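To keep things clear, I will list the structure first and then write my remarks on it.
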Amino acid sequence: MPFLAYAKKLTVIDPYFQLDQIKYRKTLKIIAECFRERRGERESGRIIIHCKWNIKGKVEELVKDDLVNWQNTLVKISGAYKHSIEIYLWEGIEDSVKLHDRYLITNQSGLMSAAGTDVDNRQQSEWGIKKYEELNSLLSQYNKNSSPFKLKGAVTESIIDIFY
């Protein structure tokens, strides 16, 4: 997929991208496989995923167990495809912008889908191209210091941070 092959950095925004679900693990594997792969050669890159903090009401130990499982998935996929992968978990703040649409944004362009980034053979979805000028304002919503959302956690291959 040329969209991912020539990108240096990929940002995935999908509020429902939860790695405890197999369909999202499949999606991440497909993305990692296509990302920075050209003519049989793969260069390393950076994949950033922004999703919703969707683990409200769970006991703290269960949250940590879930995130350790997510981290194990990142270690496995990162090791296989040589990309660094980061997941940021966000919570909506009252009266703020709602997390809904899904995006794949590279350093060159962006795609949007209202239905999702997961692998689902029973759902039809269309992807649209976002104007390059619109991407900065969209990405700025996921900057810890100026976001309409609250950063609740981060997971990488090497760290798990939870902000209560």
Side-chain angles (χ1 to χ4, degrees), residues 1-5 7-38 40 42-92 98-106 109-130 138-139 141-142 149-164:
M1 185 163 144
F3 175 75
L4 294 176
K8 293 181 180 173
K9 176 179 159 186
L10 172 66
T11 301
V12 177
I13 300 173
D14 184 338
Y16 304 102
F17 205 104
Q18 306 289 309
L19 285 183
D20 52 327
Q21 298 178 38
I22 194 166
K23 61 186 179 179
Y24 290 108
R25 290 192 303 269
K26 283 182 182 179
T27 298
L28 181 56
K29 185 177 177 190
I30 291 167
I31 287 170
E33 190 174 316
C34 296
F35 183 52
R36 310 251 326 131
E37 196 277 326
R38 295 182 299 272
R42 179 172 292 107
E43 294 180 27
S44 62
R46 183 176 176 208
I47 300 173
I48 300 167
I49 300 168
H50 296 288
C51 64
K52 190 189 305 187
W53 175 259
N54 201 19
I55 42 186
K56 286 183 187 175
K58 284 190 178 181
V59 178
E60 188 174 334
E61 291 78 28
L62 291 177
V63 170
K64 287 181 182 174
D65 288 347
D66 283 348
L67 297 183
V68 165
N69 289 335
W70 287 26
Q71 185 179 49
N72 291 337
T73 299
L74 296 185
V75 167
K76 184 178 176 184
I77 292 174
S78 176
Y81 299 102
K82 310 296 185 238
H83 304 305
S84 70
I85 307 171
E86 308 161 26
I87 300 177
Y88 295 95
L89 300 120
W90 298 88
E91 181 176 72
K98 188 176 178 183
L99 287 149
H100 182 268
D101 288 342
R102 286 67 161 200
Y103 302 91
L104 295 178
I105 301 170
T106 71
S109 63
L111 299 176
M112 183 194 90
S113 170
T117 56
D118 60 313
V119 176
D120 186 346
N121 295 331
R122 297 171 291 161
Q123 178 173 287
Q124 290 186 342
S125 178
E126 292 185 14
W127 287 86
I129 299 173
K130 290 292 283 182
L138 179 63
L139 288 171
Q141 293 181 11
Y142 297 91
F149 312 115
K150 183 176 181 183
L151 184 61
K152 298 293 284 184
V155 182
T156 70
E157 304 99 272
S158 58
I159 61 126
I160 297 174
D161 280 332
I162 301 173
F163 313 113
Y164 286 103

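The shown structure was predicted, so the numbers you read here are calculated from the model rather than taken from an experiment. Basis for what follows: all heavy atoms, side chains included, without hydrogens, waters or symmetry-related copies.
Put simply, CZ on F3 and CG on L10 are 7.0 Å apart, with the number rounded to the nearest 0.5 Å. Considering CG of D20 and CG of D65, their distance stands at 12.0 Å, rounded to 0.5 Å. To the nearest 0.5 Å, the span separating CG on L151 from CD on E91 amounts to 10.5 Å.
Residues satisfying the side-chain hydrogen bond (donor to acceptor under 3.5 Å, both in side chains) test with Q71, not counting sequence neighbours, are none. The side chain to side chain contact (heavy atoms under 4.5 Å, CB included) test applied to I129 returns L111, not counting sequence neighbours. For T11, the side-chain hydrogen bond (donor to acceptor under 3.5 Å, both in side chains) test picks out no residue, with sequence neighbours left out. The salt bridge (charged side-chain N to carboxylate O under 4.0 Å, His left out) search around K130 returns E134, not counting sequence neighbours. Among residues two or more places apart in sequence or in another chain, the ring pair (Phe, Tyr, Trp, His ring centres under 6.0 Å) test is passed with Y88 by H50. Partners of R36 under the salt bridge (charged side-chain N to carboxylate O under 4.0 Å, His left out) rule, at least two apart in sequence or in another chain, are E43. Among residues two or more places apart in sequence or in another chain, the side chain to side chain contact (heavy atoms under 4.5 Å, CB included) test is passed with S44 by K82. Every side chain to side chain contact (heavy atoms under 4.5 Å, CB included) that N69 has, sequence neighbours left out, goes to N72.
Put simply, the side chain of I162 reaches to within 4.5 Å of the side chain of K64, judged on heavy atoms. At a threshold of 4.5 Å between non-hydrogen side-chain atoms, the residues I49 and L28 count as touching. The closest side-chain heavy-atom distance from W70 to L89 is below 4.5 Å. A heavy-atom distance below 4.5 Å is not found between the side chains of R102 and F17. Side-chain contact between T27 and D14 is absent, with no heavy atoms from C-beta onward closer than 4.5 Å.
For R46 (side chain) and S84 (main-chain N/O), no donor-acceptor pair under 3.5 Å exists by modelled atom type. With hydrogens and angles disregarded, no donor-acceptor distance shorter than 3.5 Å links the side chain of Q18 to the backbone of C51. For the pair R38 (side chain) and A5 (backbone), a donor-acceptor distance under 3.5 Å is present. Looking only at distances, a side-chain donor or acceptor of S78 sits under 3.5 Å from a matching main-chain atom of H83.
Closest approach of T73 and R25 over heavy atoms only: OG1-CD, 3.7 Å. Nearest heavy atom pair, residue L4 against residue F35, reads O-CD1, 3.5 Å.
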Verdict with supporting geometry, L74 and L19, side-chain contact (heavy atoms from CB on, under 4.5 Å): CA-CA 9 Å; L74 296 185; L19 285 183; 3.8 Å; yes

task: Give the C-alpha distance, both sets of side-chain angles, the deciding distance and a yes or no for side-chain contact (heavy atoms from CB on, under 4.5 Å) between L138 and I13.
output: CA-CA 10 Å; L138 179 63; I13 300 173; 4.2 Å; yes

- request: Could you please spell out the steps behind the side-chain contact (heavy atoms from CB on, under 4.5 Å) verdict for I77 and I47?
  value: CA-CA 11 Å; I77 292 174; I47 300 173; over 6 Å; no

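Taking the six-membered ring for Trp and thresholds of 30 and 60 degrees, Y142 and W90 have ring planes more than 60 degrees apart, a perpendicular arrangement.
More than 12 heavy atoms of other residues, nucleotides or ligands shown are found within 6.0 angstrom of CD1 on I159.
Contact check on E33 versus R42 returns no salt bridge, with no Lys/Arg side-chain nitrogen under 4.0 Å from an Asp/Glu carboxylate oxygen.
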